[in-house]
Trainee: 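Mind having a look at this structure? Questions to follow.
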Amino acid sequence: MSEEIKEKSLNFIEEIVVADLKSGKHSGRLLTRFPPEPNGYLHIGHAKSICLNFGLTQDYGGGTNLRFDDTNPVTEDTEYVESIKNDVKWLGFNWVNEYYASDYFDQLFKFAKKLITKGLAYVDDSSSEEMAALKGTPSQPGTDSPYRNRSIDENLQLFESMANGEFKEGSKVLRAKIDMASSNMLMRDPIIYRIKFAHHHRTGDKWCIYPMYDFAHGQSDSIEGITHSICTLEFVSHRELYDWFLEKLEIFPSRQYEFARLNLTYTVMSKRKLLQLVNEKYVTGWDDPRMPTISGMRRRGYPAKAIVDFCDRIGIQKRDNLIDVSLLEFFVRENLNKTATRVMAVFNPLKVTITNFPTEVGSIECTLENNPEIPESGSRSLNFTKELWIEKDDFMENPPNKYFRLSPGKMVRLKGAFIIQCDEVVHDENGEVTELKCSYIPTSKSGQDESGIKVKGVIHWLPATESIEAEIRMYERLFKVEDPSSEEGDFKDFINEDSLVTIKAYVEPTLPSFDGETRFQFIRNGYYAPDLDSTPEKLIFNKTVGLKEGFKI
RNA sequence: UGGCUGAUGGUGUAAUGGCAACACAGAGGUUUUUGGUGCCUUUAUUCCAGGUUCGAGUCCUGGUCGGCCAACCA
């Protein structure tokens, strides 16, 4: 095997990992984690993080934990836990451990008391307004809280009482005692525990105090022995605090590294905004095929591999980015081109009557290949009959130059069947074309063409009486502007009202026999996937993505 | 008027002091029983000003512009 090993350039995090492994840091151990908060569904931005974290340990050894960052019981729910696990698995990744920050509540409580004991935390009775007022601004230092110098004993006692439910929600918090004049706002005595009389999805009513993110995340990393804790750029300023806690608590020094989150054109990526779209019914749910969620993309028909390939291609960097959604669509098409079963569907039927059809025959069986990219994929049959449907767009009475579909007097091949010639155009009283009378060339059958006729155009068709109806959900981008979040005003003002158009179409009669996992290419049209709600009795297809458009009139 | 962070074609990503490359998007051609696919060609890039160096996208200095930071969210 002297295969040329292509030199892959490493992203900056891989470089760090490789260097750490080489230097023997943590005895060469590598452990990452993917830490979602179970308060929403995963989206394509999370996929980037998933591919990074799991990809690192796939490439360099070690493992990745799935850890739910469930420190805020009022927004979190097991529904989200289940969807997140399902989505990670669907993308093709396996975690070594499933953990919850709430698993560490007892330990975190002890850590807090240790901080108090070291004189590094205190209970503050200030209201949130008072605290905000004393916090200062990024360019002006804050002021010490009047409660900042309580004794260690008093703090310990007060904190225990907080945990025992002796104080009202919002009346007291535990704060780290750091530096109210720090240029980093997060170091100005951050709140580390607050009172919430809320039912937690895992710990139930055991606690009425819950740690803040900053007091849970780094410690959870440390407890698990995470070597590389990877997060997005907005956490850069949290790193100083992250390190401070680990140092003062004298626990395993996990390290945090930050990369730029993914932004995609014509969509929004914050969970807050996505939740709003769901709650306010702009979409049908988290898994609406227009959503940038993993479940939405899955429902739309995006293959997991296309998403992973996309994430590999966009790379990992620290600069803000806005990636063209057409790059994602490229990977979807690339994948589906190799896997989708080719079938024919007619969206806007125009009747074609074959005037010279041998009526004594009834129908002529034609054989169509399932996928030209995969010769072994086999074939299926479709009947060529006297009355057919073709697409309205495939006929023009007065065609422009270079239009090589059907027009009066011209010939075209019906895909997988015969060459036909348009002899007569039938109009209604408004001048609309209602029917084409055509003759077919009996010797031109696909695969055994002896006619010697060469035609430029090939169009799709269906037997009029044998094709069946299906509901087609046509999706377009959810927003009318490239970057809804950066526009002035409410992002919802830029929603594309035509992002879902439901239509009826005719499809081949064999379609009900395929299972729900089959991905289709409606020839010359696009890729389509059976919707979750589709049944053999009522077929429903989601438009995954269109084919690249060539000729435009 | 603070701190942190970043800047390479239209969009992304590489080049680790030595010919600025790859993908997507765009344009053109070719093949094709999908105006798809494949194949070929092509347009277009180092934020600015100095400096170091034989040589700078890369190193240094100073600017400019962008992003993040003042939730009892994560």
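Chain identifiers are assigned alphabetically (A, B, ...) following the order of the sequence lines, protein sequences preceding nucleic acid strands; residue numbering begins at 1 within each chain. Since the model is a prediction, treat every value here as computed from it, not as a measurement.
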Trainee: Can you list every pair that meets salt bridge (charged side-chain N to carboxylate O under 4.0 Å, His left out) and has a residue in residues 137-148 of chain A, with sequence neighbours left out?
Mentor: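 Listed once each, the pairs are A:D144-A:R148, A:R148-A:D189.
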Trainee: Hey, what are the protein-to-nucleotides 1-8 of chain B N/O distances that come in under 3.5 Å?
Mentor:
{"unit_1": "B:G2", "atom_1": "N3", "unit_2": "A:P138", "atom_2": "O", "d": "2.9"}

Trainee: Using a cut-off of strictly less than 4.0 Å between a heavy atom of the residue and any atom of RNA chain B, enumerate the qualifying residues of residues 412-421 of chain A by number.
Mentor: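 A:R413, A:K415, A:G416, in order of number.
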Trainee: Can you sort out the partners of A:R194 under salt bridge (charged side-chain N to carboxylate O under 4.0 Å, His left out), two or more places apart, ordered by chain and number?
Mentor: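 Not a single residue meets the salt bridge (charged side-chain N to carboxylate O under 4.0 Å, His left out) criterion with A:R194.
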Trainee: Taking only Watson-Crick and G-U wobble pairs with both distances under 3.5 Å, what dot-bracket line describes RNA chain B, where [ ] shows pairs that cross earlier ones and | shows pairs with another strand?
Mentor: .((((((..((((....[..)))).(((((.......)))))....(((((..]....))))))))))).....
Trainee: Considering only nitrogen or oxygen atoms on both sides, find all protein atoms under 3.5 Å from nucleotides 19-22 of chain B and state each distance.
Mentor:
{"unit_1": "B:C22", "atom_1": "O2", "unit_2": "A:R313", "atom_2": "NH2", "d": "3.3"}

Trainee: Pair up each side-chain donor or acceptor in residues 40-50 of chain A with any protein partner under 3.5 Å, not counting sequence neighbours, and list the distances.
Mentor:
{"unit_1": "A:Y41", "atom_1": "OH", "unit_2": "A:E79", "atom_2": "OE2", "d": "2.7"}
{"unit_1": "A:H43", "atom_1": "ND1", "unit_2": "A:G45", "atom_2": "N", "d": "2.9"}
{"unit_1": "A:H43", "atom_1": "ND1", "unit_2": "A:H46", "atom_2": "N", "d": "3.4"}
{"unit_1": "A:H43", "atom_1": "NE2", "unit_2": "A:M269", "atom_2": "O", "d": "2.9"}
{"unit_1": "A:H46", "atom_1": "ND1", "unit_2": "A:H43", "atom_2": "N", "d": "2.9"}
{"unit_1": "A:K48", "atom_1": "NZ", "unit_2": "A:A260", "atom_2": "O", "d": "2.7"}
{"unit_1": "A:S49", "atom_1": "OG", "unit_2": "A:N53", "atom_2": "ND2", "d": "3.3"}

Trainee: Can you sort out the partners of A:K415 under salt bridge (charged side-chain N to carboxylate O under 4.0 Å, His left out), two or more places apart, ordered by chain and number?
Mentor: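 Once residues adjacent in sequence are excluded, A:K415 has no partner under the salt bridge (charged side-chain N to carboxylate O under 4.0 Å, His left out) criterion.
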Trainee: Salt bridge (charged side-chain N to carboxylate O under 4.0 Å, His left out) with A:E224: which residues, sequence neighbours excluded?
Mentor: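 With neighbours one apart ignored, the set is A:R67.
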Trainee: Is there any salt bridge (charged side-chain N to carboxylate O under 4.0 Å, His left out) pair reaching into residues 165-182 of chain A, and which pairs are they, with sequence neighbours excluded?
Mentor: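 Matches after skipping sequence neighbours: A:D124-A:R175, A:D125-A:K172.
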Trainee: Please list all pairs meeting salt bridge (charged side-chain N to carboxylate O under 4.0 Å, His left out) that have one or both residues in residues 128-140 of chain A, counting only residues at least two apart or in different chains.
Mentor: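 For residues 128-140 of chain A, and leaving out neighbouring residues, there are no salt bridge (charged side-chain N to carboxylate O under 4.0 Å, His left out) pairs at all.
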Trainee: Do any of residues 326-335 of chain A sit with a heavy atom less than 4.0 Å from RNA chain B, and if so which?
Mentor: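 Nucleic-acid contacts, sorted: A:S326, A:L327, A:F330.
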